[in-house]
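Note sheet for the following structure.
In the text below, chain A, chain B and the rest are named by the order of the sequence lines, each starting its count at 1.
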Number of protein chains: 2
Amino acid sequence: MNLPVATTRIQKRNVGLIAEAALEVFSSNGFRGATVDQIAREAGLSKPNLLYYFPSKEAIHTYLLSTLMDTWLDPLREVDEGGDPLDEILAYVQRKLELSRERPRESRLFANEILHGASNILPLLETDLKSLVDEKAALIQGWMDAGRIKPANPHHLIFSIWSLTQHYADFDVQVRAVLGSAAGDPFPDAEDYLATMFTRLLRPD
Amino acid sequence: MNLPVATTRIQKRNVGLIAEAALEVFSSNGFRGATVDQIAREAGLSKPNLLYYFPSKEAIHTYLLSTLMDTWLDPLREVDEGGDPLDEILAYVQRKLELSRERPRESRLFANEILHGASNILPLLETDLKSLVDEKAALIQGWMDAGRIKPANPHHLIFSIWSLTQHYADFDVQVRAVLGSAAGDPFPDAEDYLATMFTRLLRPD
DNA sequence: AGCCAAGCTGAAAATTTGGTCAGCCTGCGC
DNA sequence: GCGCAGGCTGACCAAATTTTCAGCTTGGCT
């Protein structure tokens, strides 16, 4: 499972091309549904050349997931103890919703991995993710104890932010099918709705 | 795409075994990730025997999805114009959360299908699902206009119920990884949290 | 220019997998 | 107990797909 350490100019370019192509293909077909041929074609490389940079299909997948993890958690890391509690949480919701809009492929790749048991990243979830969430949950609990926002289970609060925002990336097809083709971009309404939802949940009387 | 019409005793038993096994295998590996061998082994049948009942792997998948659709929409159908608005919506949330607990495999099968473009069921989403949602959204909008619950975008309200409840089935692995193995069943806390969330969102002052 | 490691390729090996086939069992009505 | 449609199987095929390999090409350094 040697992950490539891109050093030369050509290596950097081709590893980048492969990662971009693999993200496209894996996110729309899943790991098993994707073929190396597809990824190679999408990247504009021959199949043996692609396998010159990554030892196997699995290695590309693992590389993508490990790269993705940090990007995915950054918005939560940014939640700041010093800010206004409600503003901080609303801003987090907003950042996550933006990720769903701007990087739906990453969201779907991640969703697919979790859905199928997270076999590649379960250890990461149980350590890095858990400790980050525990830390932020404690922070939020502190705000609640201080009466600065209304009480609610902070872990499930974080889950709810994930599920509500990622829904607009992962279930995009369903959202658009239900709203109808005439409805246009669902994101502005989603943004309003989610702001309302978390404001009413948390704003003190 | 001949779907089997089980008539004899043995047919009923084996079609049932196959459906159960296929649900297990498809939901944990996705359509492409599942093999006919796996399904046959899980069902306790030989591969040719399985293909004696269904003409192809695809046919099994389609059969499962078409059977599933109704089960999945029933809780929304039950939302009743005559009931108390907030109670009706909270009861819907509860029913959906129960489905996530009792039938996580069905939820994941569905999620996987949508995630990969819903190619098998998109027409159903654009017709049956859309009209049901539109009908219930209008009902909810009526309750809001009458001041019986607070205003909020009714379509996105329905989306939020789907995403929040299905999260506990589809992302179960992640939820448990974050809460830790010591935490026990996450569902009771989820139920409380969701009840709080929708009550604060909708209950008139 | 000349060298050589890095970059790349066509062809094919190895493996997985969906589906077929010829024919053997078996439950059950007579 | 006989016949036979329904039920079932081992062996096999064809297609798809991952991975390997022997060797050709090229970029960049001296």
Side-chain angles (χ1 to χ4, degrees), chain A residues 1-65 112 116 119-120, chain B residues 1-65 109 112-113 116 119-120:
Chain A
M1 196 78 60
N2 284 326
L3 302 183
V5 185
T7 52
T8 75
R9 185 170 51 86
I10 294 179
Q11 274 168 27
K12 282 196 181 92
R13 185 197 56 188
N14 284 351
V15 168
L17 284 173
I18 294 168
E20 162 64 23
L23 176 59
E24 179 67 27
V25 175
F26 281 139
S27 70
S28 52
N29 301 95
F31 178 72
R32 283 302 229 81
T35 73
V36 178
D37 263 317
Q38 271 178 296
I39 299 173
R41 205 177 322 128
E42 182 84 23
L45 302 175
S46 73
K47 194 162 51 161
N49 194 20
L50 184 151
L51 290 165
Y52 171 73
Y53 290 99
F54 288 85
S56 69
K57 175 182 168 182
E58 174 110 30
I60 308 174
H61 192 236
T62 302
Y63 174 77
L64 274 187
L65 283 175
N112 202 64
H116 295 3
S119 44
N120 278 283
Chain B
M1 197 77 58
N2 282 328
L3 302 184
V5 185
T7 51
T8 76
R9 185 172 49 85
I10 294 178
Q11 275 168 27
K12 282 197 181 93
R13 186 198 53 187
N14 284 350
V15 168
L17 284 174
I18 293 168
E20 162 64 24
L23 176 59
E24 180 68 27
V25 175
F26 281 139
S27 69
S28 51
N29 301 96
F31 178 73
R32 294 295 215 92
T35 72
V36 178
D37 266 314
Q38 268 179 297
I39 299 173
R41 205 178 322 128
E42 181 84 22
L45 302 174
S46 71
K47 188 165 61 160
N49 195 20
L50 184 151
L51 289 166
Y52 171 74
Y53 289 99
F54 288 85
S56 69
K57 176 182 169 183
E58 174 110 28
I60 308 173
H61 192 237
T62 303
Y63 175 77
L64 277 186
L65 282 175
L109 183 72
N112 201 66
E113 179 66 14
H116 293 99
S119 43
N120 278 283

First-last contacting nucleotides on DNA chain C - partner chain B, under 4.0 angstrom, heavy atom =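 Listed 5' to 3', the contact boundaries are C:dT17 to C:dC28.
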Kindly give the heavy-atom pair with the smallest separation between [X] and [Y], and that separation in Å.
| X | Y | answer |
| --- | --- | --- |
| A:Ala22 | A:Ile60 | CB-CG2, 3.4 Å |
| B:Ile39 | B:Ile18 | CG2-O, 4.3 Å |
| A:Asn112 | B:His116 | OD1-CE1, 2.9 Å |
| A:Ala34 | A:Lys57 | O-NZ, 2.6 Å |

query = Roughly how far, to the nearest 0.5 Å, is CD of A:Gln38 from CZ of A:Phe26?
reply =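 One finds 9.5 Å between CZ of A:Phe26 and CD of A:Gln38.
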key: Euclidean distance, B:Ile10 CD1 relative to B:Leu17 CG, rounded to 0.5 Å   =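 Output value for this atom pair is 11.5 Å.
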Could you list the protein-to-nucleotides 5-11 of chain D atom pairs, N/O on both sides, closer than 3.5 Å?
residue: D:dG7; atom: OP1; partner: B:Thr8; partner atom: OG1; Å: 2.8
residue: D:dG7; atom: OP2; partner: B:Gln11; partner atom: NE2; Å: 2.9
residue: D:dG7; atom: OP2; partner: B:Tyr52; partner atom: OH; Å: 3.3
residue: D:dC8; atom: OP2; partner: B:Asn14; partner atom: ND2; Å: 2.9
residue: D:dC8; atom: OP2; partner: B:Asn49; partner atom: OD1; Å: 3.4
residue: D:dC8; atom: OP2; partner: B:Asn49; partner atom: ND2; Å: 3.4
residue: D:dC8; atom: OP2; partner: B:Tyr53; partner atom: OH; Å: 2.5
residue: D:dC8; atom: O5'; partner: B:Asn49; partner atom: ND2; Å: 3.3
residue: D:dT9; atom: OP2; partner: B:Ser46; partner atom: OG; Å: 2.8

request  = Assess whether side-chain contact (heavy atoms from CB on, under 4.5 Å) is satisfied between B:Leu50 and B:Asn14, documenting all intermediate values.
outcome  = CA-CA 8 Å; B:Leu50 184 151; B:Asn14 284 350; over 6 Å; no
task = Kindly state which residues belonging to residues 27-40 of chain A come within less than 4.0 angstrom of DNA chain D, counting heavy atoms of the residue only, listed by number.
result =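 Close to the strand are A:Ala34, A:Thr35, A:Val36.
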message = Rounding to an integer number of Å, can you tell me how far A:Lys57 NZ sits from D:dA16 C1'?
response =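 Distance check: A:Lys57 NZ to D:dA16 C1' gives 11 Å.
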ask   = If we only count heavy atoms from C-beta on, is the B:Val15 to B:Tyr63 side-chain gap below 4.5 Å?
value =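 Yes, side chains in contact.
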message = A side-chain contact here means heavy atoms from C-beta on lying under 4.5 Å apart; do B:Thr35 and A:Arg32 qualify?
response =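 Side-chain contact under 4.5 Å: yes.
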request  = Determine the interplanar angle of the A:His61 and A:Phe31 rings, folded into 0 to 90°, and report it as parallel if under 30°, tilted if 30 to 60°, perpendicular if over 60°.
outcome  =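 Tilted.
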